[in-house]
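Just follow the structure's listing: the first ligand is 1, and inside any ligand the first atom is 1.
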Amino acid sequence: MNLNAAQVQSYRDQGYLVVSEVFAPDQAEAMIGHYMELRAQGPHPGDSGGTDDQPDDPNHTYPRMINMHDWDPASATWATRPDLLAAVEQLIDDEPVLRQTMLYFKPPGGRGQGLHQDEQYITTDPLIGLWIALDPSDAAVGQMVVVPDSHSQLRPVEKADTNVSFTRAQSQLPPGATIVGLDMAPGDGLFFDGKTIHGSYPNQTADRWRRSFICHYIGKRAEHFEPPEGFHVGHV
Ligand SMILES: O=C(O)CCC(=O)C(=O)O
């Protein structure tokens, strides 16, 4: 996968880029089988079903897994595919270093994640996310949503509505922000800047999952920064 100049420019302008079939659809299907098996094996370090004020949220039964690449060789291989790293390098202009992997199961009825900037969590810049749809991802299942052109500055953090968000923090939106939902097919990838505001709403279906494989990379020259008071999720 080699990104063309227009794709790189679009990422720079908008703070995100959707690319079709970053993983082949049959590979996405195999990944679903793999992660459902891992989930069935029991708890893993860092599992997160979200805030416990909504005990009926099915995310508690299928908690999000984190940093699978530390203990699952297949996850490490998928997250460090050489052509993926090359695409990330094109976008961040630095040698990518894998910082985090996650698997969000989002079963039918599962809460989404309040809109946020990843640098409100991971205080390193540059930071880039790569979100891979494993199931068809549309509005009904709580697709990824982004605020285009929101990546120029870090925004203050406020409390999220935990009826709809499994995390307790969200970003303040810039005035007049437009929220765009991204329809994605299995295997499609969304690259997004560490300061792009993004998140998702609940899965409103009774019978469809919205599983996604998520990688975060930093640049080799990336630097840690101290967030100002009120600009980190730890502050709410
Ligand atoms: O998958 C989602 O709904 C949200 C994921 C997300 O916000 C992230 O990976 O930073």
Where ligand 1 meets Met102 - atom numbers and elements under 4.0 angstrom, heavy-atom basis: 9 (O)
Taking atom types as modelled, find out whether Asn163 and Gln54 have a side-chain donor-acceptor pair closer than 3.5 angstrom. yes
If you measure from each non-hydrogen atom of Arg210 to ligand 1, which part falls under 4.0 Å: side chain, backbone, both or neither? side chain
Take the angle between the ring planes of Phe213 and Tyr35 and call it parallel below 30°, perpendicular above 60°, tilted in between. parallel
For atom 8 (C) of ligand 1, find the nearest protein heavy atom and state the residue, atom name and distance (0.1 Å precision). His198 NE2, 3.5 Å
Taking only heavy atoms of Asp118 into account, list the atoms of ligand 1 that are under 4.0 Å away from them. 10 (O)
I'd like to know whether the aromatic ring centres of Tyr16 and His198 sit less than 6.0 Å apart in this structure. no
Donor on one side chain, acceptor on other, Ser212 and Arg210, under 3.5 Å: yes
Going by atom types alone, do His224 and Thr124 pair a side-chain donor with an acceptor below 3.5 Å? no
How far is atom 9 (O) of ligand 1 from its nearest protein heavy atom, and which residue and atom name does that atom have? Ile214 CG2, 3.3 Å
Which of the atoms of ligand 1 are close to Tyr104, meaning less than 4.0 Å from one of its heavy atoms? 1 (O), 2 (C), 3 (O), 4 (C)
Would you mind listing which atoms of ligand 1 come within a distance below 4.0 Å of any non-hydrogen atom of Ser200? 2 (C), 3 (O)
Heavy atom to atom 7 (O) of ligand 1, shortest distance: which of Arg64, His116, Arg111 holds it? His116
Ligand-residue contact atoms, ligand 1 with Gln113, heavy atoms, under 4.0 Å: 4 (C), 5 (C), 6 (C), 7 (O)
Any chance the side chains of His116 and Ser171 put a donor and an acceptor closer than 3.5 Å? no
Which of the ligand 1 atoms, numbered from 1, are nearer than 4.0 Å to a heavy atom of His216: 9 (O), 10 (O)
Ring pair (Phe, Tyr, Trp, His ring centres under 6.0 Å) for His216 and Trp131? Distances and angles first, verdict last. CA-CA 9 Å; His216 285 93; Trp131 190 99; over 10 Å; no
